[in-house]
Amino acid sequence: MNGPMTTENFKAQILQGIPKELPIKKTYPKITSRAPKRRDILSLEEKKLAIRNALRYFPADWHETLGKEFAEELNTLGRIYMYRFKPDYAIHARSIDAYPAKTAQAASIMLMIQNNLDPKVAQHPEELITYGGNGAVFQNWAQYLITMQYLATMTAEQTLHIYSGHPMGLFPSSKEAPRVVVTNGMMIPNYSKQNDWEKYNALGVTQYGQMTAGSYMYIGPQGIVHGTTITVLNAFRKVLKNDESAKGKIFLTSGLGGMSGAQTKAGNIAGCITICAEVNKAAAEKRHQQGWVNELLVDLDQLTKRAKQAMERNEAVSLGYIGNIVEVWEKFDQENLFIHLGSDQTSLHNPWSGGYYPVGLTFEESNLLMRTQPEDFKQKVQASLRRQVSAINKHAAKGTYFFDYGNAFLLEASRAGADIMANNGKDFRYSSYVQDILGPMCFDYGFGPFRWVCTSGDPMDLQNSDDIALRTMEEMLITAPPEIHQQMRDNIKWIREAASNNLVVGSQARILYADAEGRTKIAEAFNNAIKSGEITSPIVLGRDHHDVGGTDSPFRETSNIYDGSRFTADMAIQNVIGDSFRGATWVSIHNGGGVGWGEVINGGFGLVLDGSEDASRRLKSMLFYDVNNGISRRSWARNKEAIFAIKREMTRTPELKVTLPNLVEDELLERLF
């Protein structure tokens with residue numbers, strides 16, 4: 001397509017799908033964040049199969065040219081990304097009117113897909129990876145092109161089915177059905193180990209969709225800032241006296257990538273000293289340029305000096321250190337710097353392919369070693385974990401409160417043989433943040449990461465939506481029971497200050513922890529504002545999968561489930577099915593997520609509000625179920641906060657009938673054995 005990229009040219013390229021003529025081969029840009037080279041894991045016959053799989057997207061007369069090219073990609077990168085077919089137009093969330101579509105629902109999904117792949121948002125946009133090192137929207141650019149074409153042409157009585165990035169096709173359905181159904185990595189259980197992902201992803205038949213990457217609901221690091229802020233605030237509440245401030249107190253952690261990049265911003269909002277180590281210089285500089293990190297340091301002695309200065313001045317500041325976190329833990333122990341809070345948010349769900357970088361190697365040396373000598377790299381990662389845990393234990397002995405941030409840190413450290421187990425030999429010596437904080441304080445009460453995106457792209461629409469959400473929350477606080485006053489106040493403070501905290505990266509989006517009542521009331525107010533013209537275009541609702549009822553994850557989201565069912569996945573499957581027939585615009589279900597392939601099943605949704613009565617009906621039905629499905633499961637596990645929440649909901653909603661547990665006295669069980 002020649003000439004400037006006008007809206008009409010853009011629409012024409014979307015409608016074209018796979019080009020009619022073979023595009024000129026592209027070269028990767030030199031200055032970009034590239035995905036690490038994947039392991040060379042396929043046999044010769046499997047490589048032939050991977051190329052055969054890739055070529056089926058294209059006409060036979062292209063196969064000779066593309067076959068050689070795809071073989072080169074596979075041998076040098078470990079995957080076939082089909083970079084030649086990346087579109088020439090800029091990829092970012094446009095106004096909904098810019099997309100060619102027959103329904104606002106389809107156009108909204110196109111907007112969300114492009115937001116996930118926006119270079120300002122995505123970690124490795126050239127390889128279609130949004131965050132976490134391997135959280136993919138699609139496996140290759142052909143899948144992107146075909147999916148966008150299908151969305152542009154679909155009617156309100158068709159459903160697009162996506163198999164791990166592959167657009168299987170448009171199927172006749174109904175207006176009541178979801179417009180898109182997404183599955184990612186849904187492997188037969190015996191084929192769901194880390195090496196299985198490496199193999200079948202290289203073959204081009206499955207992908208790791210993370211949580212919100214492969215379901216088109218990522219809104220940039222803002223999406224985790226709110227949950228991180230709540231976590232840090234409540235962690236300090238656990239360790240500080242009532243009259244103490246977090247100013248001048250250290251929160252030490254690591255990771256400034258897609259999800260972990262939220263930590264420094266959250267620390268600033270919580271008012272502490274956040275020190276975050278990151279080995280990838282480009283990732284650290286990106287967060288600094290975006291204003292999410294106040295200062296960057298590259299010298300460990302200078303970092304130590306600056307940390308002491310910040311403590312003496314009672315500062316609230318974020319310090320990014322370009323280097324390895326293990327060295328920081330050890331240095332601060334030697335210097336006797338007291339750390340109030342400690343955690344880690346490197347991507348240890350993906351330990352052997354760039355999720356964790358071992359101490360003693362540079363970023364570049366690690367990237368080379370993980371591909372050329374994977375077993376040696378694995379040994380160095382595990383040695384580094386043992387060394388990191390040893391340093392953390394020394395700080396914990398001095399009073400540091402360390403918590404796992406759901407990135408599989410404790411799990412992988414235990415597999416590495418680190419001194420991480422409790423005295424009983426079964427539990428970890430440190431808690432998950434869900435066990436101590438988000439589980440009992442938020443999830444069990446129904447509070448979780450509710451999200452919305454203003455499809456106009458107009459900041460004024462976002463501001464109006466913030467104002468609506470604030471008014472709604474303030475009105476709800478008046479009659480809210482005392483048990484949830486703290487949660488309500490934290491959320492009101494969050495939404496009141498959201499605009500001034502400059503959280504938007506990519507689409508005009510917001511996140512707000514809310515329960516079922518709050519989500520429904522806010523969504524209904526949005527729908528009315530769209531109807532009246534106060535908000536000018538449709539709003540997309542969604543949530544992180546990291547929520548009350550969408551995810552079964554025994555080492556994170558459901559780690560505070562103690563009835564033995566935390567290793568089951570019924571809740572997540574029930575969630576995605578239940579949302580599907582209650583009005584969701586699209587639904588997704590994934591194997592894998594923040595804690596790793598084979599360790600979690602999680603489901604998500606998107607719901608488009610367009611000001612109609614139909615949207616009002618859908619939001620009330622779907623949002624109610626999406627949250628209360630999770631509360632009911634948590635109440636059956638005997639979580640007292642969830643029992644309170646579901647009893648309260650049954651009082652408000654007589655049609656809801658939930659099976660409640662009868663509690664058993666400990667003394668009875670003691671007498672039995």
Side-chain angles (χ1 to χ4, degrees), residues 103-106 108-109 112 156-157 159-160 173-183 211-212 215-217 219 443 446-453 455 465 469 472 510-531 538-551 570-590 602-633 645-646 649-650 652-653 655-658:
T103 72
Q105 293 180 330
S108 297
I109 298 169
M112 298 298 291
E157 294 185 342
T159 295
L160 174 59
S173 57
S174 71
K175 291 181 180 178
E176 296 298 309
R179 297 281 67 81
V180 177
V181 176
V182 178
T183 55
M211 304 187 81
T212 51
S215 61
Y216 324 141
M217 191 47 69
I219 59 170
F443 292 167
F447 286 87
F450 181 53
R451 295 177 172 184
W452 64 90
V453 177
T455 64
S465 70
T472 303
R510 187 67 74 221
I511 185 171
L512 172 66
Y513 267 56
D515 60 6
E517 180 186 13
R519 299 182 204 202
T520 302
K521 287 185 174 180
I522 291 169
E524 180 72 352
F526 287 168
N527 201 49
N528 290 334
I530 296 167
K531 183 178 180 179
I539 282 181
V540 173
L541 301 182
R543 58 161 169 74
D544 195 339
H545 299 204
H546 172 264
D547 194 17
V548 181
T551 295
D570 297 272
M571 181 176 69
I573 301 300
Q574 291 282 350
N575 180 270
V576 73
I577 295 172
D579 284 358
S580 294
F581 64 78
R582 286 180 172 88
T585 304
W586 75 95
V587 291
S588 61
I589 189 77
H590 303 217
N602 58 82
F605 76 87
L607 176 62
V608 177
L609 304 181
D610 59 5
S612 66
E613 290 298 320
D614 183 60
S616 175
R617 174 182 60 82
R618 288 170 178 260
L619 73 88
K620 291 171 184 173
S621 176
M622 202 224 75
L623 294 177
F624 179 89
Y625 173 77
D626 188 71
V627 176
N628 283 295
N629 168 53
I631 298 176
S632 63
R633 185 270 179 95
I646 205 67
E649 192 57 72
M650 284 193 285
R652 291 187 303 188
T653 311
E655 298 86 359
L656 177 66
K657 307 290 184 183
V658 170

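Computed from a predicted model, the values in this text were never measured in an experiment. Hydrogens, waters and symmetry mates are skipped; everything else that's a heavy atom, side chains included, is used.
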For this session: Could you walk me through whether Ile522 and Leu512 pass the side chain to side chain contact (heavy atoms under 4.5 Å, CB included) test, one step at a time?
Result: CA-CA 10 Å; Ile522 291 169; Leu512 172 66; 3.7 Å; yes
Exercise. Quick check: does any side chain N or O of Asp515 sit under 3.5 Å from a backbone N or O of Gly518, one acting as donor and the other as acceptor?
Worked result: yes
Exercise. Would you say the side-chain atoms of Thr585 pair up with the backbone N or O of Val608, donor to acceptor, closer than 3.5 Å?
Worked result: yes
Exercise. Do side-chain atoms of Thr551 reach the backbone of His545 as a donor and acceptor pair under 3.5 angstrom?
Worked result: yes
For this session: For residues Ala584 and Arg618, report the shortest heavy-atom separation together with the two atoms involved.
Result: O-NH1, 4.3 Å
Problem set entry | Taking every non-hydrogen atom, the tightest pair across Arg519 and Pro449 | NH2-N, 4.2 Å
Exercise. Under 6.0 Å between ring centres, would you say that holds for Trp452 and Phe526?
Worked result: yes
For this session: Start with the C-alpha distance between Phe605 and Trp586, add both sets of side-chain angles, then the distance that settles side chain to side chain contact (heavy atoms under 4.5 Å, CB included), and finish with yes or no.
Result: CA-CA 6 Å; Phe605 76 87; Trp586 75 95; over 6 Å; no
Problem set entry | Considering all heavy atoms, the nearest Gly549-Met571 contact | O-CG, 3.3 Å
Problem set entry | Expected output: side-chain Ser612 to main-chain Ala615 donor-acceptor under 3.5 Å | yes
Exercise. How long is the span from the CG atom in Asp570 to the CG atom in Asn575, to the nearest 0.5 Å?
Worked result: 12.5 Å
For this session: Could you tell me the separation between the CD1 atom of Ile511 and the CZ atom of Arg451, rounded to the nearest 0.5 Å?
Result: 4.5 Å
Problem set entry | Side-chain touch Thr653/Phe624, heavy atoms, less than 4.5 angstrom | yes
Problem set entry | Ring-face cation contact, Tyr625 with Arg582, 6.0 Å cut, 45° max | yes
Problem set entry | Basic-acidic side-chain contact under 4.0 Å: Arg652, Glu649 | yes
Problem set entry | N/O donor-acceptor pair under 3.5 Å between Thr455 side chain and Pro538 backbone | yes
Problem set entry | Shortest non-hydrogen contact from Asp626 toward Asp579 | OD1-OD2, 2.6 Å
Exercise. Could you walk me through whether Met217 and Arg543 pass the side chain to side chain contact (heavy atoms under 4.5 Å, CB included) check?
Worked result: CA-CA 7 Å; Met217 191 47 69; Arg543 58 161 169 74; over 6 Å; no
Exercise. Heavy atoms, side chains only, cut-off 4.5 Å: are Ile539 and Val453 in contact?
Worked result: no
Problem set entry | Nearest-0.5 Å distance, CG of residue Leu609 to OG of residue Ser465 | 11.0 Å
For this session: Taking all heavy atoms of Asn527 and all of Ser616, pick out the closest pair and write down the distance.
Result: ND2-N, 3.6 Å
Problem set entry | Trace of the side chain to side chain contact (heavy atoms under 4.5 Å, CB included) decision for Asn602 with Ile589 | CA-CA 6 Å; Asn602 58 82; Ile589 189 77; over 6 Å; no
Problem set entry | Side-chain touch Val548/Ile631, heavy atoms, less than 4.5 angstrom | yes
Seminar exercise, completed: In this structure, OG of Ser173 is separated from CZ of Arg179 (nearest 0.5 Å) by 4.5 Å
For this session: Output the distance between atom CD (Glu176) and atom CZ (Phe581), rounded to the nearest 0.5 Å.
Result: 12.0 Å
Exercise. If you look at every heavy atom in Pro178 and Thr159, which pair is closest and at what distance?
Worked result: O-OG1, 2.6 Å
Problem set entry | Test: Glu517 and Lys521 ion pair at under 4.0 Å | yes
Seminar exercise, completed: Interatomic distance, CZ@Arg633 vs CD1@Ile646, rounded to 0.5 Å, equals 13.5 Å
Problem set entry | Any Asp610 side-chain heavy atom under 4.5 Å of Lys531 side chain | no
Exercise. Hey, would you say the Phe443 and His546 ring centroids sit under 6.0 Å apart?
Worked result: yes
Problem set entry | Candidate pair Thr183 and His590, rule side-chain hydrogen bond (donor to acceptor under 3.5 Å, both in side chains), full reasoning | CA-CA 6 Å; Thr183 55; His590 303 217; over 6 Å; no
